[in-house]
Every structure is written in structure tokens, then in C-alpha cells.
2 protein chains.
Amino acid sequence: MVKITDVARRAGVSPSTVSYALSGKRPISDATRRRVQAAVRELGYRADGGGRSRSGARAKVLALAVPMRPGIHVPVVTQFAVSVVTAARARDHDVLLLTQAEGDEGIGRVTETGLADGVIVTDVQLQDPRLPLLRSCSLPSVLIGVPAEADGLTCVDLDFRAAGELCVDHLAGLGHRAVALVGSPPEVYVRRTAFARRLVEGFTAAADRHGLASAVLPCGTGREAARAVVERLLRDLPALTAVVVHNEPLVDPLIEAFEELGMRVPGDLSLTAVCPAPVAAAARVPVTSVAVPAAELGARAVHLLVRKLSGAPVPGTTLLPPRLTERASTAPRGH
Amino acid sequence: MVKITDVARRAGVSPSTVSYALSGKRPISDATRRRVQAAVRELGYRADGGGRSRSGARAKVLALAVPMRPGIHVPVVTQFAVSVVTAARARDHDVLLLTQAEGDEGIGRVTETGLADGVIVTDVQLQDPRLPLLRSCSLPSVLIGVPAEADGLTCVDLDFRAAGELCVDHLAGLGHRAVALVGSPPEVYVRRTAFARRLVEGFTAAADRHGLASAVLPCGTGREAARAVVERLLRDLPALTAVVVHNEPLVDPLIEAFEELGMRVPGDLSLTAVCPAPVAAAARVPVTSVAVPAAELGARAVHLLVRKLSGAPVPGTTLLPPRLTERASTAPRGH
DNA sequence: TTCACCCGTCGAAGCGCTTCGACAAGGGCG
DNA sequence: CGCCCTTGTCGAAGCGCTTCGACGGGTGAA
């Protein structure tokens with residue numbers, strides 16, 4: 001292993017000069033800097049992470065807390081992870097993966113031990129047990145998701161409230177008078193997952209504002225669950241002509257269930273989804289949707305966290321405005 | 001931050017004794033050990049990762065290389081990741097996530113800098129460009145997947161060759177005389193991904209052995225792709241009564257495509273899948289399948305890597321025997 | 001009783017890096 | 001022309017931990 005003293009010898013300077021030349025924390029003459037850089041290249045030098053991290057410097061590692069709870073949609077979470085890693089690498093950081101395996105205190109462990117410099121927290125609940133931890137140890141963090149009390153925290157998310165409203169606005173604009181929201185599995189709401197709750201709020205508020213009849217039903221995954229929910233909806237809300245679905249793996253089964261019961265999409269029923277664009281586009285009937293920009297959220301989270309680590313000021317909460325893309329699943333009421 | 005000297009003072013011993021008491025690398029009397037442990041608990045001490053790794057010890061971090069290439073099935077990969085993290089934590093290690101974002105040399109970087117002690121490599125191809133790297137820098141590694149040349153490497157995988165044979169044996173035993181393998185997307189084969197190739201080998205060998213007519217077709221995802229493959233199959237192999245599918249998201253569309261063309265499962269067509277058990281069980285028709293034990297593979301990989309790090313000898317290649325679970329999608333030929 | 005040993009513990013020496021204070025050389029100013 | 005400040009570099013002091021060699025006191029054997 002080639003170390004900083006090797007580089008120093010090769011460049012004919014002292015180790016400290018090498019360190020300064022590489023970090024730029026003190027002025028170094030151009031000639032020296034170039035010699036150092038040449039030596040680094042020739043020897044293939046790489047700063048040892050261990051050595052760096054306890055001289056008060058950063059480890060250049062971000063932790064990513066991904067509680068793989070039941071009811072979440074795996075591909076979305078994976079997209080977060082991948083985009084976080086990619087964005088982190090672009091900023092010369094690595095990513096440590098934390099799951100729920102060891103409970104919430106993994107977050108504390110990883111930063112207290114200096115393994116990671118900061119943490120990105122996903123799947124945030126309105127009252128999240130991890131918040132006190134994040135607040136107390138004053139450990140740099142960014143949440144993907146917005147809890148009920150976001151003071152003093154840095155959060156990024158799609159504006160799910162606005163997304164809910166946008167869907168209803170669109171459907172109301174098409175003349176629909178009765179809409180339903182088919183949501184995530186019940187456990188997601190029981191946990192009070194922030195984004196799911198916010199979407200319901202927006203949906204309900206917009207439905208009331210437009211004076212629409214509305215219903216909200218959580219729904220598990222699978223054909224049977226979809227069928228059951230559709231039957232229940234048609235019973236409770238016979239005038240139903242529009243549905244918003246916020247449950248990725250349910251989009252196709254839901255369309256099937258409606259069609260089996262004689263309602264064609266979009267002929268008899270208009271459907272909008274809140275899901276990643278590829279899911280919406282690949283559905284049985286391409287679905288008008290508000291995209292969940294998982295990749296962008298991940299990248300933004302990294303960006304914010306790195307800025308925070310460098311001491312720069314960062315905004316409290318960033319809400320990405322929802323954008324609705326029309327596809328084949330929505331039509332004016334009565335064709 | 002509480003450090004080892006604090007614990008030492010509190011326990012009335014020297015720092016080195018604390019270190020030994022915690023690591024067990026030298027005998028420490030029971031009384032002392034207990035006092036140290038008490039002090040650790042009371043003070044909430046956690047060994048600083050930087051300090052540790054700087055002094056030549058291990059960082060207790062494993063890197064997980066997950067190239068998110070097109071054509072792979074995301075939930076399976078995620079299951080690997082989650083099980084790796086869980087297993088690693090159980091052995092007091094953390095996991096650093098590497099994607100393809102920075103190319104193959106991320107593996108080298110992460111270990112040379114001492115950030116990680118070893119690496120778990122997934123999505124192994126028969127001629128994998130990462131192999132020379134793994135061999136040359138003599139860096140502890142475990143592959144999930146078996147390349148063409150596995151000498152000197154530690155590999156874990158499902159025995160996909162045997163899995164392919166097992167499926168065909170099962171179908172042949174039911175009296176089927178013409179079988180097809182519907183595989184992963186073409187790009188997976190172009191890359192010469194090890195497990196996909198092995199399955200084809202096993203399938204073909206067993207079909208030949210049983211004297212069955214057979215065909216192998218790669219297939220992309222989506223309803224249209226499924227439909228196209230089914231039409232092609234029925235044209236090329238009109239006597240077809242059995243199919244093996246090795247493509248998770250295609251299981252349902254494939255069943256649908258066959259049924260739309262008038263072939264009922266399992267009445268007219270028997271289907272076996274090679275996929276994780278939940279996928280098979282949740283399909284439109286519960287599918288007889290050989291399970292891909294993603295979680296177990298991940299856990300085993302961690303186990304092997306940790307043993308390797310501790311200097312213990314490890315086996316070269318571990319192939320998990322396939323196990324076929326009968327469900328509703330297979331029946332004797334002609335009912 | 002003595003000697004040799006082993007067990008349990010300690011002190012000190014690093015690990016590779018960063019950073020602080022010092023210092024030599026050079027330039028601008030009075 | 002001398003003084004002081006700047007600029008560029010160096011030496012040395014740690015960071016918190018592990019680990020090596022050493023050492024005191026107890027035990028078993030002679």
C-alpha cells in the first residue's frame with residue numbers, strides 16, 4: 001500500500017505539504033502542487049480512509065437508512081438507493097446501507113463511530129421515532145419525506161398533498177363527480193407514513209373543494225385485494241367514474257378488476273396514478289399519472305447533505321411540485 | 001464523545017485492558033471483564049471506527065457490489081442487499097453499497113482506501129471483467145454467482161444447472177414430450193450472465209437426455225413480449241405442452257398469453273418457474289417452481305466473507321441444491 | 001522453600017493522516 | 001536600508017485504537 005510519505009519522498013516534499021497540496025487548505029506553489037500530483041498519479045496513491053477519519057476529518061461516507069418495511073414498494077426504494085449512491089459518488093462520497101435489521105439505533109451507531117458523516121433517512125413517518133435521535137445528536141441528516149414537525153430538519157419530498165389535489169383537479173376538470181382514492185396497504189397508514197397521509201389530505205381537500213363525492217380505501221396487493229376493493233367501491237359509491245391509485249403494484253390488477261366488472265378504462269372509468277413514470281407507462285392501459293421522481297429525490301438529498309457537511313446553509317424543506325402526465329386512462333365523463 | 005480511555009478510567013484499568021476485554025484477543029479475568037462491560041454500558045461507549053482502522057485493524061465494513069444492469073430483476077437484487085446487510089450486522093459489520101455508477105474500479109478503490117475489508121460481488125458473468133481485479137489485489141471477496149473460471153475464488157449460488165434439469169425432469173416425469181425455456185431478456189445472455197447460461201445448459205442437457213423436443217427463447221418484459229414469445233413458440237413447437245420460465249416479471253403475462261391463445265394452465269400447458277417463492281405463490285395461477293433463495297445466498301456470502309477475513313479456510317464454490325415446490329401450474333400431460 | 005511458568009494487566013509504540021505553529025525567503029513600504 | 005508581513009514549506013503533535021513486549025504475583029513442581 002502506497003502512503004502519503006511515499007508520495008512526499010517521490011515529490012521531494014514533506015508529508016504535510018502533500019496533504020495541503022491535495023486538500024488545498026493552505027496555499028501551495030503551482031510547481032510543488034504539480035510535482036505532488038504527478039507523484040500521486042505515478043504511485044497510484046489513495047488516501048487511506050482510516051487515517052483520514054480520525055484526524056478530525058470526514059470519512060466521506062453517507063449512511064442511507066432504508067427501513068424495508070412491509071407495504072413499501074421495493075423498486076421505488078431501490079431507485080432511491082441507486083440514485084443516492086450515484087449522486088454520492090459524483091461528490092466523492094460512499095454510501096453505507098442501513099436497514100431496519102438492528103432497529104433505529106443503527107443511525108446513531110454509524111455516526112457516533114465516525115463510520116459515516118451524515119445520514120439520509122427514507123420512509124419517514126409523521127411521528128417518526130428516529131426524529132428525536134436526529135435532532136438530539138445534531139448529526140447531519142436529510143430526510144426523504146416530511147414528518148409532521150419539520151422544524152430544524154432538512155427534508156426533500158414530492159409535494160404529495162399537491163399531487164393528491166392535482167389528480168382530483170384533473171378528474172374534476174374532466175367532469176367527474178365521484179372519485180375514489182385507492183391507497184397503499186393499511187399498514188402504511190397505521191404507521192402514519194408521511195407521504196401516504198399527505199396524499200390523502202390533498203385528495204380529500206380537493207374533492208371537498210370541488211364538491212365531489214369521494215371515498216378513500218387502503219388496499220393490499222394482489223388480484224383478490226383489488227377485486228375486493230373495487231366491489232366495495234362500486235357498492236359504496238355507485239356513481240363512481242374516477243379513481244386515483246397510489247399503490248404501484250396495484251395499478252394493473254385494479255384495471256383488470258374494473259374491466260371484469262364491466263367498467264372499461266377510460267370509457268366508463270378514468271384512472272390516475274401516483275407512481276414512477278415507467279410503472280404508469282407500462283401498465284395494461286397507459287395510465288395518466290403524477291410521477292414520483294425517486295431518482296431526483298435521491299440526488300437532491302445527497303446534494304443537500306453534502307452541502308450541510310461542508311457547513312453551507314441549506315433550506316429546511318424542499319417540496320418538488322407534482323407534474324401530471326396525461327396518458328390513455330383518463331377521459332371526460334360520459335366519454 | 002466517549003473514548004476508550006474514559007472507559008478505562010471508569011473501570012479502573014488501562015486502555016489496553018479495555019481493548020482486550022472487548023476483543024477477547026487476550027485472556028482477561030472475569031471480574032475485570034465484567035467491570036469493563038459495565039463501564040461500557042454506563043458510558044455508552046462505542047469504538048471509533050477511524051481509530052480502529054488506522055491502527056491496522058479491520059474497518060468492519062463489507063462492500064456490496066450491485067451492478068444495476070438492465071434486465072435484472074430488481075426485487076431479487078434488493079433481497080440480496082437486505083439479507084447481506086442483516087447478516088453483516090449480525091456479525092458486527094456494516095455494508096457499503098457500490099453500484100455500477102463508477103465502473104468496476106469502485107471495488108478496488110473501496111478496499112485500497114481501507115474503507116471496506118472485503119467485497120461481495122453480485123450479478124457475476126461467465127467472463128467477468130471484475131475477476132482479474134479480485135484475483136490480482138488478493139482482496140478478500142465472495143461472489144454470488146459462479147464465473148466460468150472459479151479457481152481461487154469463493155463463490156455461492158443456487159445450482160442453476162441442476163435447477164434447469166430439475167424442472168425438465170419434473171415435466172418429463174409428468175409425461176410431457178415437448179418443453180420450452182422462456183428466459184431472461186436477451187441482454188442478459190449477451191452479457192453471458194453466469195446463472196442464466198447455466199440454467200439453459202441444464203435445461204438443454206435434461207431435455208436431450210429425456211429425448212424431449214425443446215426450444216429456448218430469451219424474452220423481454222411486458223405483455224407484448226410475452227404474447228410474441230408464446231406465438232413464436234406455438235409456431236416453432238406445435239406439440240408444446242410444458243414451459244419453464246426463468247424471468248420473474250414475466251410469469252403472469254406468460255400465463256395470460258397462453259390462456260388468450262386458448263391454452264389453459266395447467267390443463268393444456270404445464271408451467272414451472274425458477275424464481276423466488278413469493279413470486280411463484282402470488283402468480284395468477286400459483287406456479288410450481290424452483291426457488292431462488294436470495295436471502296440465503298446473501299447470508300451465506302456474508303458468512304463466508306467474514307470467515308475469510310478472520311483467516312479461516314473457506315470452500316471454493318458452494319452450490320445450493322435446487323428444490324422444486326409443486327403448486328397448481330403443473331399437471332400430467334393430457335390432464 | 002525455591003524456581004519456573006503462566007495468567008492477567010500495563011505501558012508504550014505505532015497506524016496514516018491532518019493540522020498547528022514555526023520558520024526561511026522574498027517583497028513592499030517607510 | 002531595515003522592518004514587517006506574506007507566502008510556501010516543514011516538523012511535530014496528536015487523533016483513538018490495537019498490539020507487542022514486559023512485568024508482577026500467584027501456582028505447581030521439585
Side-chain angles (χ1 to χ4, degrees), chain A residues 1-37 39-40 43-61 92 109-117 309-310, chain B residues 1-37 39-40 43-61 92 109 111-117 309-311:
Chain A
M1 177 190 182
V2 37
K3 50 189 96 168
I4 203 171
T5 50
D6 301 330
V7 178
R9 200 172 316 117
R10 172 87 161 204
V13 296
S14 79
S16 50
T17 301
V18 174
S19 178
Y20 287 125
L22 293 177
S23 71
K25 299 203 176 173
R26 278 203 187 175
I28 293 290
S29 72
D30 249 30
T32 306
R33 187 198 319 287
R34 260 196 294 277
R35 253 182 311 133
V36 168
Q37 284 166 345
V40 164
L43 270 48
Y45 168 73
R46 291 177 148 143
D48 175 282
R52 194 212 318 283
S53 76
R54 216 5 148 244
S55 309
R58 321 240 66 133
K60 301 229 176 202
V61 173
D92 195 25
R109 182 180 54 79
V110 124
T111 49
E112 278 180 38
T113 59
L115 244 184
D117 304 323
L309 290 175
S310 73
Chain B
M1 178 190 180
V2 35
K3 52 189 95 168
I4 203 172
T5 51
D6 301 330
V7 177
R9 200 171 319 116
R10 172 87 162 201
V13 297
S14 79
S16 50
T17 301
V18 173
S19 179
Y20 287 125
L22 294 178
S23 71
K25 299 201 176 175
R26 277 204 188 175
I28 293 290
S29 71
D30 248 29
T32 306
R33 187 197 319 287
R34 259 196 295 276
R35 253 180 311 133
V36 169
Q37 283 166 345
V40 165
L43 269 50
Y45 167 73
R46 293 179 145 142
D48 175 282
R52 193 208 320 280
S53 71
R54 190 153 355 82
S55 49
R58 320 239 68 133
K60 301 226 176 205
V61 173
D92 195 26
R109 182 181 54 78
T111 48
E112 276 180 42
T113 59
L115 245 185
D117 304 323
L309 291 174
S310 72

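Note on naming: letters A, B, ... go to the chains in the order of the sequence lines (proteins, then strands), and numbering restarts at 1 for each one.
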task = Identify which one of I28(B), I4(B), V7(B), V36(B) satisfies the side chain to side chain contact (heavy atoms under 4.5 Å, CB included) criterion when paired with S19(B).
result = I4(B)
List the atom of [X], the atom of [Y], and the distance in Å for their closest heavy-atom pair.
X: V2(A); Y: G44(A); answer: CG1-O, 3.7 Å
X: T17(B); Y: T32(B); answer: CG2-CG2, 3.9 Å
X: R10(A); Y: A39(A); answer: CG-CB, 3.5 Å
X: L309(B); Y: R58(B); answer: O-NH1, 3.9 Å
X: V61(B); Y: L115(B); answer: CB-O, 3.3 Å
X: A8(A); Y: P15(A); answer: CB-N, 3.6 Å

query = Of all the nucleotides listed (dG21(D), dG8(D), dC20(C)), which has the minimum atom distance to the side chain of R26(A)?
reply = dC20(C)
Could you pull out the protein-nucleic contacts involving nucleotides 26-28 of chain D (nitrogen or oxygen on both sides, under 3.5 Å)?
none

message = Closer than 4.0 angstrom, basic N to acidic O: yes or no for R9(A) and D6(A)?
response = yes
key: D48(B)/K3(B) salt bridge by N-O under 4.0 Å criterion   = no
request  = Kindly say whether T113(A) contributes a backbone atom to a donor-acceptor pair with the side chain of R46(B) at under 3.5 angstrom?
outcome  = no
note = Ordered by number, residues from residues 2-10 of chain A within less than 4.0 Å of DNA chain C (heavy atoms) are K3(A), I4(A)
ask   = Side-chain N or O of K25(A) less than 4.0 angstrom from OP1 or OP2 on dT18(C)?
value = no
Could you check how far [atom1] of [X] sits from [atom2] of [N], rounded to whole Å?
X: I28(B); N: dT18(D); atom1: CD1; atom2: C1'; result: 13 Å
X: D30(A); N: dT7(D); atom1: CG; atom2: P; result: 15 Å
X: L115(A); N: dC17(D); atom1: CG; atom2: P; result: 13 Å
X: R35(A); N: dT9(D); atom1: CZ; atom2: P; result: 7 Å

message = With the threshold set at under 4.0 Å for non-hydrogen atoms, list the residues of residues 15-22 of chain B touching DNA chain D in residue-number order.
response = S16(B), S19(B), Y20(B)
ask   = Would you say V13(B) and V18(B) make side-chain contact, with heavy atoms under 4.5 Å?
value = yes
